[in-house]
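Note that the structure is predicted; figures quoted are calculated from it, not measured. First listed ligand is number 1; within each ligand, the first listed atom is number 1. Along the sequence shown, residues are numbered consecutively beginning with 1.
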Amino acid sequence: MARIVQKFGGTSVGDIDRIKNVARKVEAEVKAGHQVAVVVSAMSGVTNQLVAYCRQISGLYDAREYDAVVASGEQVTSGLLAIALQELGIPARSWQGWQLPMRTDDVHAKARILGVDTTEIETRLARGEVAVVAGFQGLGTDGRITTLGRGGSDTSAVALAAALNAERCDIYTDVDGVYTTDPRIVTKARKLSRITYEEMLEMASQGAKVLQTRSVEMAMNHRVRVQVLSSFAEARGSEIPGTLVVDEEEIMEQEVVSGIAYSRDEAKITLLGVADRPGVAAAIFGPLAEASINVDMIVQNISENGSLTDMTFTVAKTELERTRQVLEQARALLDYRSIRTDANVVKVSVIGVGMRSHTGVAQRMFRTLAEKGINIQVITTSEIKVSVLIAEEYTELALRALHTAYGLDRA
Ligand code: ADP
Ligand code: ASP
Ligand code: MG
């Protein structure tokens, strides 16, 4: 007998039939003798709709109220799944984030989990009751409902698995595992049977939506065995070959590049005519940091005559307007000539732990993009990834060409 956490994403609970299907997946694990806690997302499209409602009322809404609104999607599915389980004769009850509670900090709309109180559900799991937990939401230190950022139910599931010391955390979704790149864009993408925590972390943080970045971080820190698998396949979680996220030692043969990710969520900002002297970068990025705006890629050129230069960087598309406001407010201090913004960009990243020991990975990326006539606007690298910013219209072309160039295509 094992203790298992199962998480079902938006498409998997997208309508009543699918919720009934999920109930049968839970039933299968219960019948196999396992203790089961389930984490659910909102029905697909619901969170987007709730976010849109907030935006329709205000451009700069109160994040605490935003959380009160968007957390409601998961409340609905947790209740519905509990009913579906009861219909199958399985004792079950729903749990909202505040009821456990799933404690978070009070950074609304992107709260971090501080701890999960599992005392009560452990007692009930031992009695054979299934806990259906609303994902994505928690209870802030300010006593209010928080949410964990888009895709956050993955993180709720891993946090719960860690707190319950679960044997496995099965993330059921609409694809049957983690692929070399998004299988919806590159049909030749290959399913990976295993991927390292580190690579998964890079894939997620560079845009692969299949797992939320923080969920991977948490799985890595707490050594949670995460499996990504399809909710539409017939078999039970322990029998389906999904993708396991594992330690590097568990992977026998390591490819140099194991995956390619892309993100359309970033926007580019260029400050033209910035003084080229010590303290300028600090002056620009200080106010952004104070406004909790994350900056990702940065390039700065040296100036030809030692006086003026340009500075280009990226921020989340959703924060583009706020970034512009902050920079304009700080204009007197920063003394730049003008601001240019571009939201039609995509960041494409190639990822692989093998990069540590192999050279030429970046070169192959640049050459491949050049052959397709794609201009690279910004480049960043880390130990196990190379990222480039290109025009958004080339997303598909770049992904397919790179996928082939690194030998990742399915035979
Ligand atoms: P859920 O609603 O179940 O949380 P998501 O939409 O968040 O599902 O994540 C699954 C989606 O992630 C897939 O439908 C797929 O289009 C996308 N995706 C992006 N990159 C990858 C990848 N490398 N492997 C698998 N899926 C990927
Ligand atoms: N429903 C939330 C979202 O769409 C959380 C999730 O699905 O993981 O972002
Ligand atoms: Mg998701």
Side-chain angles (χ1 to χ4, degrees), residues 6-14 18 22 25 39-52 66-67 69-78 97 109-111 133-138 146-160 169-193 195 199-216 226-232 242-243 245 257-265 318 346 348-352 395-396 399 402-403 408 410:
Q6 296 179 291
K7 179 258 171 178
F8 295 91
T11 323
S12 310
V13 293
R18 287 185 175 175
V22 163
K25 293 230 167 293
V39 173
V40 286
S41 289
M43 293 163 110
S44 64
V46 166
T47 310
N48 285 347
Q49 180 63 71
L50 295 169
V51 172
Y66 163 93
D67 277 348
V69 175
V70 301
S72 65
E74 274 70 11
Q75 175 160 341
V76 172
T77 40
S78 61
K110 47 180 172 190
V133 178
F136 186 46
Q137 49 167 270
T146 55
T147 63
L148 310 177
R150 297 306 304 271
S153 295
D154 297 329
T155 306
S156 312
V158 174
L160 190 61
C169 182
D170 286 343
I171 308 277
Y172 287 86
T173 182
D174 54 2
V175 283
D176 59 355
V178 178
Y179 281 70
T180 45
T181 191
D182 190 341
R184 299 195 191 285
I185 294 198
V186 180
T187 47
K188 287 182 183 156
R190 235 180 328 118
K191 189 171 95 183
L192 300 163
S193 58
I195 184 167
E199 286 169 323
M200 193 60 239
L201 192 60
E202 283 285 6
M203 289 275 274
S205 67
Q206 299 311 318
K209 297 227 155 72
V210 60
L211 287 176
Q212 198 201 32
T213 308
R214 281 191 191 155
S215 73
V216 187
V226 171
Q227 181 177 217
V228 177
L229 65 174
S230 165
S231 66
F232 302 111
T243 300
V245 187
V257 166
S258 50
I260 305 174
Y262 68 96
S263 168
R264 290 187 167 116
D265 299 339
T318 50
V346 60
V348 175
S349 310
V350 298
I351 293 142
T395 311
E396 282 83 3
L399 285 179
L402 291 169
H403 201 263
L408 296 174
R410 190 157 36 85

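- Nearest protein heavy-atom contact of atom 7 (O) of ligand 2 is Ser41 OG, 3.0 Å.
- Atom CZ of Arg18 is separated from atom OG of Ser231 by 7.5 Å, given to the nearest 0.5 angstrom.
- Distances between N or O atoms of Lys7 and those of ligand 1 include at least one value under 3.5 Å.
- Within the 4.5 Å cutoff, the side chain of Met200 has no heavy atoms near those of the Thr243 side chain.
- Heavy-atom distances between Ser44 and ligand 1 stay at or above 4.0 Å for every pair.
- Rounded to the nearest 0.5 angstrom, Ile195 CD1 and Leu201 CG are separated by 10.0 Å.
- Of the protein's non-hydrogen atoms, the one nearest atom 25 (C) of ligand 1 is Gly177 O, 3.4 Å.
- The nearest protein atom to atom 8 (O) of ligand 1, hydrogens excluded, is given as Thr173 OG1, 3.1 Å; this is a heavy-atom distance.
- Closest to atom 3 (C) of ligand 2, if we only count protein heavy atoms, is Arg150 NE, 3.3 Å.
- The closest side-chain donor-acceptor pair between Asp154 and Ser215, if any, does not fall under 3.5 angstrom.
- Between the side chains of Thr146 and Asp67, not a single donor N or O lies within less than 3.5 Å of an accepting N or O.
- Glu74 places no side-chain N or O within 3.5 Å of a backbone atom of Phe136 that could act as its donor or acceptor partner.
- Near Val178, the atoms of ligand 1 lying under 4.0 angstrom from a non-hydrogen atom of the residue are 24 (N).
- The shortest N or O to N or O distance between Gly151 and ligand 2 is below 3.5 Å.
- Partner Val226 forms a side chain to side chain contact (heavy atoms under 4.5 Å, CB included) with one of Ile171, Val216, Val178 and no other, that one being Ile171.
- Contact of the Arg410 side chain with the Thr180 side chain is not registered, since no non-hydrogen atoms from C-beta on lie closer than 4.5 Å.
- Residue contacts with ligand 1: Pro183 is included, with a non-hydrogen atom under 4.0 Å away.
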In sequence, state the C-alpha distance, the side-chain angles, and the governing distance for Leu399 and Asp182, and then conclude on side-chain contact (heavy atoms from CB on, under 4.5 Å). CA-CA 9 Å; Leu399 285 179; Asp182 190 341; 5.6 Å; no

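- Polar contact with ligand 1: present for Gly10 (N/O pair, distance under 3.5 Å).
- In this structure, atom 15 (C) of ligand 1 lies nearest to the protein heavy atom Asp182 OD1, 3.4 Å.
- Judged purely by atom type and a 3.5 angstrom limit, Thr181 uses its side chain to pair as donor or acceptor with the backbone of Ile260.
- Environment of NZ in Lys188: sparse, with no more than 12 heavy atoms of neighbouring residues, nucleotides or ligands closer than 6.0 Å.
- At a distance under 4.0 Å, no protein heavy atom can be found next to atom 6 (O) of ligand 1.
- Residues Val186 and Tyr179 form no side-chain contact, since every pair of their non-hydrogen atoms from C-beta on lies 4.5 Å or further apart.
- Note that OH of Tyr262 and OG of Ser349 are 12.0 Å apart. Values are rounded to the nearest 0.5 Å.
- Near Ala208, with a cut-off below 4.0 Å to any heavy atom, the atoms of ligand 1 are 20 (N).
- Atom numbering of ligand 1 starts at 1 in the shown order; those under 4.0 Å from a heavy atom of Met203 are 23 (N).
- The proximity of Glu74 to ligand 2, defined as any non-hydrogen pair under 4.0 Å, is limited to the side chain.
- Contact annotation: Gly9 has no heavy atom less than 4.0 Å from any atom of ligand 2.
- Those atoms of ligand 1 with a heavy atom of Tyr179 less than 4.0 angstrom away are 22 (C), 23 (N), 24 (N), 25 (C).
- Summarising the contacts of atom 26 (N) of ligand 1 with Val210, Leu399, Val13, Val186, the nearest heavy atom is found in Val210.
- Within the structure, the closest approach of Gly10 to ligand 2 does not fall below 4.0 Å when heavy atoms are considered.
- Considering Thr181, Thr11, Asp174, Ile351 only, the shortest heavy-atom separation from atom 13 (C) of ligand 1 involves Asp174.
- When Ser153, Gly45, Ala42 are ranked by how near their heavy atoms come to atom 6 (C) of ligand 2, first place goes to Ser153.
- Here the shortest heavy-atom distance to atom 14 (O) of ligand 1, taken over Arg184, Gln206, Met200, Lys209, belongs to Arg184.
- Residue contacts with ligand 1, taken as heavy atom pairs separated by less than 4.0 Å, do not involve Ser41 at all.
- At a 3.5 angstrom cut-off on N or O pairs, Asp154 does not count as close to ligand 2.
- Under a 4.0 Å N-O distance rule, the pair Asp265/Lys209 qualifies as a salt bridge.
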